[in-house]
Amino acid sequence: MTTEANTFMFILRGGKSRRDMSPTEYGQLIQKYLDWIETLKNSGRYKAGDPLEAAGKVLSGKGGNLVTDGPFAESKETIGGYFMIAARDLEEASEIAKGCPIFENEGTVEVRQIAEKPRPEIQQTAG
Amino acid sequence: MISVLTDENGPVVESTEPGQLVDNFFRLEAGRMVSTLTRIFGLDNIDLAEDLVQDAMLKALQQWSFGNIPRNPSAWIMQVAKNRALDILRRRTLFQRKETEISRTIESRTQLQAEPAFSEAEIRDDQLRMIFACCHPSLSPEAQITLTLKTLCGLGVAEIARSFLTSEEAIAKRLVRAKQRLREAKVPFEIPAGDELTTRLDSVLQVLYLLFNEGYNASHGPELIRWDLSSEAIRLSELLLEHAACNTPASNALQALMLLQASRFPARVADDGGVLLLEEQDRSRWNKTMIEWGLYYLDQSAEGEDLSVFHLQAGIAACHSSANSYESTDWQKILSLYDMLIEIDESPVVALNRAVAIAKVRGARAGLQAVAEIQNKKQIGSYYLLHAVLAEFNLELGNLQQASDHLLKALELTHVESERSFLARKLRRCEDAKARLSMRRKSA
């Protein structure tokens, strides 16, 4: 990866499996994710990735005293997990996100760049 | 939260490498889970068990898709299923008063065993209980196989439908009816004991053999061998043999038979997809390990007095497996085994195979005579192999016209692509020989 790489967060939503998926189909779908992650790792783009538990709480109101239990929205909006990916820019990151198997199951991927930290001095870009 | 079990439970399915799942992982796990959950909730709640298995696989999908496969995936997914089951049981205890009749029976059932057992030995026995339930005599052979494939082998409705070249709807209906039947017949979820074991085990062996043959002699469809079905029969039979009460001479003989037959799978299909007969097969492609295991089980099956159909068929298969070449096959011994087999099983198919052995020992004319004795029997006349065999005998005797007539008849009777291409090949050769003969006659 070049030094100018930025980090992007892929937020995976929805992608519910069909209720009638067979065990073999479950295995094949997981394998697609594993293969995708493997290529990301091999190209040095993969930084992290984790699923999120379905249960959670939403705090709001004064002092966070208004507490609601998850799941919070429709299942198609539920965040299943995230990946941290290195890419040059938003364009490239989106291109990478297109490989995510979640699209086979009507899920979505939100691609967001981790905001660049303010730098103490202007960096010399290599010529 | 999910607690990961210790390694003592041992993964039943070994991961090939970290982060990789073996192809049939979920299939096998589904079979284990649905069996164990059925023990907990009862055979009449098998749908609930299947739902929970679906939940567990969904959970695995959600968690593992991010690249973190647990060290012991098998224990992990069973733990998920177990947690869900315990959740349901607890909730049912809580709302017991409001619960229906059905759940009260579940309650009383589970009160006997405060915490359901999830040991490897228990899970293995659950699968046996499931085999006995699926192969219950109150179900038709079709229903028995379908239910076995669904529950124990973890095949989906669409996959089973593809295997039997029928619609998903038909398979789904068959499954609903089969489960209904089990409920009505009040089939217990247990490994039978005593005298009942003998008859029930018999029916299990029959189903496994049917399943194996469905894979081996695909009676329809483009593929000659559907290895998945045959290998499932061998796997389930292995499960039976691991249980002392089910490790009988007959179950050993069946395993021997299936392994010896399966050892020839790699050599049985030609490059063009056509079927290769024993005499055409490259014997170096036979699976040596399977033959060794087959002979081992055949040896095991010899204990006791019991001489089943499987013993004799395995004995015949062993004769072929031990011959280094087609020419050195001990046909005398094979014929004597067929002579015994026909005493117990007088089916025309056995008689036809016996006729082939007779031809090998006493010549094609004797073979023809043996076929003539069974030809008028019902069913066999429309059996393509009968005509293939008659063609073979006639070819040997130089009756080219009769040979090609029988080949044409055989072609009419089979729809399996590989068998058709084999027959067509044979017919071409026969027609060539006829043409050469008439040329020679003309020039003479």
Side-chain angles (χ1 to χ4, degrees), chain A residues 9-42 45-56 70-71 75-76 78-85 97 99-109, chain B residues 1-2 13 15-34 47 50-51 53-70 73 77 80-81 149-163 168-169 171-172 175 228 232:
Chain A
M9 183 181 246
F10 289 4
I11 302 155
L12 277 67
R13 284 194 175 85
K16 269 210 84 115
S17 70
R18 289 191 340 264
R19 194 63 203 171
D20 61 343
M21 248 167 66
S22 77
T24 302
E25 287 170 324
Y26 271 104
Q28 286 165 345
L29 186 53
I30 291 176
Q31 195 55 53
K32 278 182 192 162
Y33 276 96
L34 297 180
D35 292 346
W36 182 57
I37 294 167
E38 191 64 22
T39 57
L40 292 177
K41 282 184 176 164
N42 289 342
R45 296 187 176 284
Y46 178 91
K47 291 192 156 189
D50 282 302
L52 298 181
E53 293 286 350
S75 66
K76 68 177 197 298
T78 305
I79 299 175
Y82 73 93
F83 286 105
M84 301 295 267
I85 299 296
C100 181
I102 200 168
F103 300 115
E104 292 180 24
N105 292 63
E106 296 165 26
T108 65
V109 177
Chain B
M1 267 316 291
I2 292 135
V13 182
S15 223
T16 40
E17 53 184 288
Q20 289 283 312
L21 287 172
V22 283
D23 283 347
N24 56 6
F25 173 81
F26 281 94
R27 232 174 28 71
L28 298 182
E29 289 306 318
R32 285 156 45 87
M33 286 189 287
V34 88
D47 290 330
E50 288 185 320
D51 275 354
V53 169
Q54 200 77 16
D55 287 349
M57 291 190 299
L58 183 61
K59 183 115 190 167
L61 171 67
Q62 283 161 350
Q63 303 265 324
W64 302 357
S65 317
F66 289 84
N68 311 310
I69 300 214
I77 197 160
V80 173
L149 287 173
K150 180 71 174 27
T151 56
L152 280 154
C153 309
L155 259 58
V157 170
E159 290 152 3
I160 300 173
R162 228 175 296 137
S163 279
E168 291 180 33
E169 210 187 357
I171 293 295
L175 285 168
D228 48 346
E232 276 304 297

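Note that the structure is predicted; figures quoted are calculated from it, not measured. All chains are named by letter (A, B, ...) in the order of the sequence lines, taking the proteins before the strands, and each is independently numbered beginning at 1.
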A.B. asks: Less than 4.5 Å to any heavy atom of chain B: does that hold for the side chain of A:Tyr46, its backbone, both, or neither?
C.D. replies: side chain
A.B. asks: If I take atom OG from residue B:Ser65 and atom CG from residue A:Leu12, how far apart are they, to the nearest 0.5 angstrom?
C.D. replies: 8.5 Å
A.B. asks: So what's closer than 4.5 Å to chain B heavy atoms on A:Ile102: side chain, backbone, both or neither?
C.D. replies: neither
A.B. asks: How long is the gap from CD1 on A:Ile30 to CZ on B:Phe66, to the nearest 0.5 Å?
C.D. replies: 11.5 Å
A.B. asks: Looking at side-chain heavy atoms only, is the closest gap between A:Thr24 and B:Leu155 below 4.5 Å?
C.D. replies: no
A.B. asks: Is the shortest heavy-atom distance from the side chain of B:Phe26 to the side chain of A:Glu25 under 4.5 Å?
C.D. replies: no
A.B. asks: Report the C-alpha distance between A:Leu34 and B:Trp64 in whole Å, list the side-chain angles of each, state the deciding distance to 0.1 Å, and finish with yes or no for side-chain contact (heavy atoms from CB on, under 4.5 Å).
C.D. replies: CA-CA 8 Å; A:Leu34 297 180; B:Trp64 302 357; 5.7 Å; no
A.B. asks: Can A:Glu53 and B:Lys59 be counted as an ion pair, charged N to O under 4.0 angstrom?
C.D. replies: yes
A.B. asks: Is the closest side-chain heavy-atom distance between A:Ser22 and B:Glu159 below 4.5 Å?
C.D. replies: yes
A.B. asks: Please name all residues satisfying ring pair (Phe, Tyr, Trp, His ring centres under 6.0 Å) with A:Tyr33, sequence neighbours left out, ordered by chain then number.
C.D. replies: none
A.B. asks: Measuring only between side-chain heavy atoms, which start at C-beta, is B:Asn68 closer than 4.5 Å to A:Pro51?
C.D. replies: yes
A.B. asks: When rounded to the nearest 0.5 angstrom, what is the spacing between CG in A:Leu29 and CE in B:Met57?
C.D. replies: 12.0 Å
